[in-house]
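Data first, discussion second: the structure below is written as structure tokens.
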Amino acid sequence: MNDTSERPRTRVIVAGGGTAGWIAAAAIVRQLGPLVDVTLVESDEIGTVGVGESTIPTVRGFHAFLGIDEAAFMQATQATFKLGIAFENWRTVGDRYFHPFGSVGRSVAIADFQHFWLEARARGFGGAYGDYSLEQQAAGAGLFGHDEQHSLAYAYHLDATAYARFLRTLAEPWGVRRVEGRIERVERNGEGGDIAALVLASGERIGGDLFIDCTGFRALLTEGALGTGFEDWSEWLATDRALAVQTESVAPPVPYTRAIAHGAGWRWQIPLQTRTGNGLVYSSRHMSDDEAHATLIDALDGRPLFEPRPLRFRSGMRRQAWNRNCVALGLAAGFIEPLESTSIHLIMNAVIRLIQLFPFQGDDHVALASRFNAQSRHEWEHVRDFIILHYHATQRDDSSFWRDCARMTIPDSLTERIELFLKTAGAWQGQDDLFRIDSWVSVMLGQGIVPRAHHRIASIINGQELQASFDDLSRGIAQTVRTLPRHQDFLARYCPARG
């Protein structure tokens with residue numbers, strides 16, 4: 001008899017379904033199968049938020065981690081491809097820039113591409129920074145492809161509700177037990193001990209060793225039972241409400257997300273295969289609910305498929321993502337407004353981190369939780385700073401919302417990044433940072449932060465050699481773009497059942 005069969009399995013109880021719950025259940029059972037018993041408790045009576053329909057490229061690594069077939073996933077979720085985000089009206093009304101996935105230009109060991117681009121601009125050539133992004137050029141032309149010939153950095157637009165259903169079809173055959181029921185009470189060991197069980201409205205008691213809170217904003221376990229506490233970031237991220245609606249498609253889906261700023265926030269437009277996801281994010285201190293509803297309805301291109309659904313939130317995070325024997329995921333862990341499509345990424349990364357630091361019987365749970373929480377905090381604060389950058393670095397003064405954003409005091413960690421870029425064109429990506437140097441540079445330049453200087457190594461290069469290098473980059477991108485099919489044509493081949 002081997003060690004696995006002699007040791008008791010860790011009983012993992014996932015409280016809540018939706019995207020967060022089924023991501024957690026599927027990943028844990030897939031990777032730790034014979035070591036765990038995974039039970040997911042959810043109620044059909046309780047709806048999920050389901051407004052997050054956009055992802056970033058890390059989702060592909062997670063799918064590979066689980067062995068998910070891309071074509072099957074895309075057919076099940078009505079997914080389209082995404083090469084980045086178009087930001088409209090953020091720096092000024094009428095302005096537009098693109099945050100592309102993938103690398104921009106070509107860097108060397110000593111200096112990143114933006115230094116050479118700034119040198120080229122100083123010499124009178126070089127064009128726009130985004131001219132040297134393959135993803136941006138393909139997105140602008142509505143093109144996409146991936147095979148032996150094409151290599152693009154991409155993510156997906158997807159139907160989040162359908163995604164949860166798709167993950168369930170994988171997780172249950174892998175060994176997840178689903179229990180239908182509404183959680184009535186959370187039972188603890190003694191007055192202030194660990195969570196012992198979930199008691200359902202039916203009276204059924206679901207006992208476990210590790211509990212994962214995926215109960216959304218209610219946070220029934222981590223907050224309701226354990227009183228973990230919440231760190232509010234609304235002083236930097238003032239938006240606190242959203243409206244979401246789906247519309248009929250009126251044009252072929254483009255391979256990028258649109259984020260369009262308005263007087264009190266922004267709105268999204270996310271193309272799926274047979275419909276479009278739309279939403280309006282706003283600050284209730286600067287816009288009434290009625291104004292928000294009218295603003296969204298007036299901006300829609302297609303016929304709404306239902307009445308816009310309201311969502312209220314606070315940006316911030318739990319003081320501990322892992323408290324006692326409970327790990328919070330998704331909205332139960334916190335919320336950073338959805339501007340850069342990081343919600344699903346934060347769930348997936350937390351699940352991978354949990355598997356790496358999994359609390360088996362006899363492990364030092366306190367040490368594991370301490371490491372988990374430190375990594376979570378770094379990740380969430382990094383994402384928070386990146387989102388704040390979009391609001392704070394603006395030249396808009398046409399509304400009180402944008403004037404407040406421009407005047408606000410920002411975290412020291414973000415001030416340091418902005419100052420370095422402004423004075424030297426320097427940017428960095430830490431070991432555990434999500435956003436790459438190219439992302440920081442794209443957004444800083446797009447928001448109007450113009451460096452006063454750059455690395456002098458770029459000035460060493462002969463002008464003709466530098467221009468020849470830039471011309472070579474442009475030709476290479478143009479040649480690749482010419483080989484790409486239209487996004488809608490590639491989708492039709494890749495997902496023949498769509499529509």
Side-chain angles (χ1 to χ4, degrees), residues 7-16 20-21 23-25 27-28 31-32 35-36 38 58 62 65 186-198 208-215 219-233 314-336 342-343 345-386 411-414 416 429-435:
R7 296 178 182 176
R9 294 180 179 223
T10 301
R11 297 172 300 164
V12 179
I13 310 300
V14 181
I23 284 175
I28 290 171
Q31 297 299 322
L32 303 178
L35 304 173
V36 294
V38 181
T58 53
F62 186 82
F65 182 62
V186 179
E187 183 181 299
R188 297 179 66 180
N189 292 319
E191 281 287 319
D194 288 353
I195 295 175
L198 305 180
D209 304 306
L210 176 68
F211 292 80
I212 301 178
D213 191 344
C214 300
T215 61
L220 293 179
L221 281 64
T222 188
E223 199 61 56
L226 299 180
T228 299
F230 185 81
E231 189 171 304
D232 193 320
W233 290 343
R314 278 190 305 163
S315 283
M317 62 176 289
R318 300 288 161 201
R319 298 193 183 280
Q320 297 178 81
W322 181 342
N323 185 10
R324 292 189 172 274
N325 66 333
C326 176
V327 177
L329 291 181
L331 300 178
F335 188 73
I336 304 175
T342 56
S343 295
H345 164 83
L346 290 169
I347 296 167
M348 291 176 171
N349 232 30
V351 170
I352 292 173
R353 189 181 306 122
L354 177 59
I355 292 171
Q356 293 170 335
L357 298 170
F358 197 82
F360 296 106
Q361 303 291 337
D363 288 340
D364 187 333
H365 294 196
V366 175
L368 293 172
S370 177
R371 177 60 180 156
F372 184 95
N373 288 333
Q375 289 178 297
S376 294
R377 173 164 291 277
H378 174 87
E379 181 177 48
W380 278 67
E381 289 180 348
H382 172 77
V383 172
R384 175 203 67 191
D385 286 359
F386 192 63
D412 291 343
S413 49
L414 178 56
E416 181 183 4
Q429 179 185 12
Q431 182 177 355
D432 296 323
D433 290 348
L434 166 61
F435 292 105

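All values below were derived from every heavy atom in this structure, side-chain atoms included, with hydrogens, water molecules and symmetry-related copies excluded. The structure presented is a predicted model; accordingly, all values stated were derived computationally and were not measured. Along the sequence shown, residues carry numbers from 1.
Residue R384 holds its CZ atom at 7.5 Å from CD of E231, rounded to the nearest 0.5 Å. Expressed to the nearest 0.5 Å, how far CZ of F230 lies from CZ of R318 amounts to 6.0 Å. Summarising the geometry, atom CD belonging to E223 is positioned 5.5 Å from atom OG1 belonging to T228; distances are rounded to the nearest 0.5 Å. For the atom pair D194 CG and F211 CZ, the distance stands at 9.0 Å (nearest 0.5 Å). Atoms CH2 and OG1, from W380 and T342 in turn, are 8.0 Å apart once rounded to the nearest 0.5 Å. For the atom pair CH2 of W233 and CG of D385, the computed distance is 8.5 Å after rounding to the nearest 0.5 Å.
The aromatic rings of F372 and W322 lie perpendicular to each other, with more than 60° between the two planes, well past the 30° mark.
Between the side chain of D232 and the backbone N or O of G316, no donor-acceptor pair lies under 3.5 Å. Although no hydrogens or angles enter the test, the distance criterion places no donor-acceptor pair under 3.5 Å between the side chain of N189 and the main chain of A196. For the pair Q320 (side chain) and A369 (backbone), a donor-acceptor distance under 3.5 Å is absent. Judged purely by atom type and a 3.5 angstrom limit, H382 uses its side chain to pair as donor or acceptor with the backbone of L434.
The shortest non-hydrogen separation linking A328 to A333 is O-CB, 3.4 Å. Residues P359 and L354 approach most closely at CD-CD1, 4.3 Å, considering heavy atoms. Closest approach of A225 to V186, counting heavy atoms only: CB-CG1, 3.6 Å. Nearest heavy atom pair, residue L221 against residue C326, reads CB-SG, 3.8 Å. Across G330 and A20, no two heavy atoms sit closer than the pair CA-CB, 4.2 Å.
Using a 4.5 Å heavy-atom cutoff, the side chains of P411 and E381 are not in contact. Side-chain atoms of I23 and M348, non-hydrogen and from C-beta on, do get closer than 4.5 Å to each other. At a threshold of 4.5 Å between non-hydrogen side-chain atoms, the residues R324 and R188 count as touching. No side-chain heavy atom of V383 sits less than 4.5 Å from a side-chain heavy atom of H345. Side-chain contact check for F358 versus V36: some heavy-atom pair is nearer than 4.5 Å. With contacts defined as side-chain heavy-atom distances shorter than 4.5 Å, the pair F65/I355 qualifies. Between N349 and T58 the shortest side-chain heavy-atom distance does not fall below 4.5 Å.
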* Asked: Would D209 and Q361 satisfy side-chain contact (heavy atoms from CB on, under 4.5 Å), going step by step from the backbone distance to the final call?
  -> CA-CA 9 Å; D209 304 306; Q361 303 291 337; 3.8 Å; yes
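Legend: salt bridge (Lys or Arg N to Asp or Glu O under 4.0 Å) pairs involving residues 345-357, not counting sequence neighbours, sorted by first then second residue: R353-E379.
Using modelled atom types and a 3.5 Å distance limit, the side chains of T222 and D213 yield no donor-acceptor pair.
Applying the 6.0 Å contact sphere to CG of D364 captures more than 12 heavy atoms from other residues, nucleotides or ligands.
Checked against side-chain contact (heavy atoms from CB on, under 4.5 Å), L220 has the following partners two or more places apart in sequence or in another chain: I183, T215, R218.
Partner of V38 under the side chain to side chain contact (heavy atoms under 4.5 Å, CB included) criterion, out of L32, I28, L210, I212: I28 alone.
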